[in-house]
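Structure first, then comments.
Remember, predicted model here, so these are calculated numbers, not experimental data.
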Amino acid sequence: MLLSACLITKDEEFTLSRCLESLTGVVDEIIVVDTGSKDKTVDIARDHGAKVYFHEWDGDFATARNAALERASGEYVLVIDADEFLDPMDKRHIRSKLLESRADGYLVGVVNYTGTSARYQTSSPVQVLRVFKNGYRYSGSIHEQVLPAVIDSGGRIETLNLRIHHLGYLYEFVVYKAKRAEHGTLAKRTGQRSG
């Protein structure tokens, strides 16, 4: 198996389908580690053929990401978030590049969207290590990184001609996430379940 996609999720029903559909024809398996969704996230993941696992959220992003990596079977791992999707024009070259170059890690361009879904702006691609050989692990509880692990091992890093589009800064998604978080906090205070 060449490539596994790894995601961590929590209440991602608005964006998850687009993310998972963008992986079609690129990855051999999709690993989703859910950290406590109350919406349809888990059902959507399963409907797209993902292998779903559960991890209790402890505030540590690296731990959650590593929980997904532990379950990946591919030689390489693509780490993507539910509010992101692969550029359809770029994704067809991923597998051949991995087979040809066999680098330890690959930088990809993350394009951030801001504004609203009706009127948005995009950033220039930010180079981030998102594809790497299985076996590396993340560190850092909030701004988690895997790049130091690859560098410390002396691994070779190349650039992959791939753009990942990130929608999470769009107004609608920011508001939705804030409401879900507020609802969960209120439910804890009143002893009710959020959902």
Side-chain angles (χ1 to χ4, degrees), residues 1-10 12 15-16 18-33 60-70 72 74-117 120-171 173-174 177:
M1 184 179 299
L2 180 64
L3 184 60
S4 301
C6 288
L7 298 82
I8 57 173
T9 58
K10 184 174 184 183
E12 311 285 359
T15 56
L16 184 58
R18 185 173 193 171
C19 171
L20 298 180
E21 287 164 8
S22 80
L23 300 173
T24 302
V26 178
V27 302
D28 299 299
E29 69 174 355
I30 301 170
I31 305 294
V32 170
V33 168
D60 189 322
F61 281 93
T63 300
R65 292 222 187 266
N66 291 336
L69 296 178
E70 293 290 339
E75 181 182 350
Y76 285 91
V77 176
L78 163 67
V79 173
I80 190 167
D81 289 331
D83 59 3
E84 298 175 333
F85 63 94
L86 302 183
D87 189 286
M89 298 303 293
D90 299 344
K91 69 181 193 177
R92 57 186 166 208
H93 306 295
I94 298 172
R95 295 180 69 88
S96 58
K97 173 72 172 178
L98 296 181
L99 289 168
E100 287 166 15
S101 71
R102 298 288 183 182
D104 295 275
Y106 296 89
L107 298 169
V108 306
V110 176
V111 179
N112 292 302
Y113 286 61
T114 56
T116 68
S117 56
Y120 61 82
Q121 294 180 321
T122 59
S123 71
S124 296
V126 178
Q127 295 297 305
V128 182
L129 190 76
R130 289 293 195 87
V131 180
F132 49 89
K133 280 190 175 176
N134 196 348
Y136 293 109
R137 296 296 178 259
Y138 279 86
S139 60
S141 58
I142 298 176
H143 298 291
E144 71 281 9
Q145 296 286 325
V146 73
L147 181 59
V150 179
I151 292 172
D152 290 347
S153 74
R156 192 170 88 253
I157 297 171
E158 295 184 4
T159 300
L160 190 59
N161 184 20
L162 171 66
R163 287 165 293 174
I164 295 179
H165 299 272
H166 175 228
L167 305 176
Y169 296 141
L170 288 174
Y171 176 77
F173 301 124
V174 171
K177 284 288 193 173

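Residues Ile164 and Val128 are not in side-chain contact: their nearest non-hydrogen atoms beyond the backbone lie 4.5 Å or more apart. You'll find the side chain of Leu147 reaches within 4.5 Å of the side chain of Ile157, heavy atoms only. In this structure the side chain of Asp104 never reaches within 4.5 angstrom of the side chain of Phe132, judged on heavy atoms. At least one side-chain heavy atom of Arg102 sits under 4.5 Å from a side-chain heavy atom of Tyr76. Residues Leu23 and Leu78 are in side-chain contact: their nearest non-hydrogen atoms beyond the backbone lie under 4.5 Å apart. Two residues are said to be in side-chain contact when any heavy atoms from C-beta on lie closer than 4.5 Å; Arg65 and Val77 fail this criterion. In this structure, the side chains of Arg18 and Leu167 come closer than 4.5 Å at one or more pairs of heavy atoms. No side-chain heavy atom of Asp81 sits under 4.5 Å from any side-chain heavy atom of His166.
Atom CG of Leu170 and atom CD of Gln121 lie 11.0 Å apart (nearest 0.5 Å). We find the CG-CG distance between Leu2 and Leu99 to be 5.0 Å, quoted to the nearest 0.5 Å.
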Are Ile94 and Val131 close enough, and set up right, to give a side chain to side chain contact (heavy atoms under 4.5 Å, CB included), and what steps lead you there? CA-CA 10 Å; Ile94 298 172; Val131 180; 5.5 Å; no
Open item on the list: Show, in sequence, the C-alpha distance, side-chain angles and deciding distance for Tyr106 and Leu162, and conclude whether the side chain to side chain contact (heavy atoms under 4.5 Å, CB included) test is met.
Closed with: CA-CA 10 Å; Tyr106 296 89; Leu162 171 66; over 6 Å; no
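Checked against ring-ring contact (aromatic ring centres under 6.0 Å, His included), Tyr113 has the following partners two or more places apart in sequence or in another chain: Tyr120, His165.
Scanning both residues, Val150 and Tyr136, for their nearest heavy atoms gives CA-CE2, 3.7 Å. For the pair Arg137 and Val146, the tightest heavy-atom approach, listed with the atom from each and the gap, is O-CG2, 3.6 Å. For Asn134 against Leu69, the heavy-atom pair with the smallest separation is OD1-O, 4.0 Å. For the residue pair Ala64 and Val33, the shortest heavy atom distance occurs at O-CG1, 4.3 Å. Nearest heavy atom pair, residue Gly168 against residue Val174, reads O-CG2, 3.5 Å.
For the pair Ser123 (side chain) and Asn112 (backbone), a donor-acceptor distance under 3.5 Å is present.
Lys97 has no carboxylate O lying under 4.0 Å from a charged side-chain N of Asp90, or vice versa, which leaves the two without a salt bridge.
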